[in-house]
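First the structure, in the form of structure tokens, and then the observations on it.
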Amino acid sequence: MSNRNLQIMQYELTMYALRAEGQDELARWQYESYADVVSQWCAQAAEAAGEVSAVPLPQLARIMVATIDGLIMQYVCDPDQRRAEHDLDLMIEMLVGLAAPRPASATA
């Protein structure tokens, strides 16, 4: 199975869970899990760098997951590798700007 088909299948399963009675909790859990993992990753990176974020990490993680999700959907619809890489670079710049990392000692 190609990566594109895997992504399509994952989106279809999420949409099915949202439509199927009693299964919507699975879709919510899926995205909460994504955001939790990203939030933990951000916390580890911030700690290693000795920095803090201007935005609470759980919120930053949700925005990051939503943005990546949108970029993946665009790529699935139109797999332009060069455009996707450029968009990803801009997304990273945008998120770093939003996080406005500063030294952890500056918050004390």
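With sequence neighbours excluded, no residue satisfies ring pair (Phe, Tyr, Trp, His ring centres under 6.0 Å) with Tyr75.
No single ILVMFWY cluster, assembled from side-chain heavy atoms under 4.5 Å apart, contains both Val76 and Leu6. Under a hydrophobic clustering in which Ile, Leu, Val, Met, Phe, Trp and Tyr are joined whenever their side-chain heavy atoms come within less than 4.5 Å, directly or via other members, Tyr31 and Met9 fall into different clusters. A continuous path of Ile, Leu, Val, Met, Phe, Trp and Tyr side chains, each step under 4.5 Å between heavy atoms, connects Leu95 with Met73, placing both in one hydrophobic cluster.
Around atom OH of Tyr16, no more than 12 heavy atoms belonging to other residues, nucleotides or ligands sit under 6.0 Å away. By the 6.0 Å contact criterion, CG on Asp36 is enclosed, its count of non-hydrogen atoms from other residues, nucleotides or ligands being greater than 12.
Under 3.5 Å, the side chains of Glu85 and Gln81 contain a donor-acceptor pair of N or O atoms. Between the side chains of Tyr34 and Asp69, no donor-acceptor pair of N or O atoms lies under 3.5 Å.
Looking at Met91 and Asp87, their side chains never come closer than 4.5 Å, going by heavy atoms from C-beta outward. Looking at Ile8 and Arg4, their side chains come closer than 4.5 Å, going by heavy atoms from C-beta outward. Residues Gln7 and Gln10 are in side-chain contact: their nearest non-hydrogen atoms beyond the backbone lie under 4.5 Å apart. At least one side-chain heavy atom of Asp80 sits less than 4.5 Å from a side-chain heavy atom of Arg82.
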Next on the checklist: Checking Arg83 against Asp78 for the salt bridge (charged side-chain N to carboxylate O under 4.0 Å, His left out) test, could you report, in this order, the C-alpha distance in whole Å, the side-chain angles of both residues, the deciding distance, and whether it holds?
Outcome noted: CA-CA 10 Å; Arg83 184 197 67 219; Asp78 181 12; 3.0 Å; yes
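Rounding to the nearest 0.5 Å places CD1 of Ile68 at 7.0 Å from CG of Leu88. With values rounded to the nearest 0.5 angstrom, Ile72 atom CD1 is found 10.5 Å from Asn3 atom CG.
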Which pairs would a plain distance check flag for residues 47-64, meaning a side-chain donor or acceptor within less than 3.5 Å of a matching protein atom at least two apart in sequence or in another chain?
{"unit_1": "Ser53", "atom_1": "OG", "unit_2": "Val55", "atom_2": "N", "d": "3.1"}
{"unit_1": "Ser53", "atom_1": "OG", "unit_2": "Val55", "atom_2": "O", "d": "2.8"}
{"unit_1": "Ser53", "atom_1": "OG", "unit_2": "Ala99", "atom_2": "O", "d": "3.4"}
{"unit_1": "Arg62", "atom_1": "NH1", "unit_2": "Pro58", "atom_2": "O", "d": "3.4"}

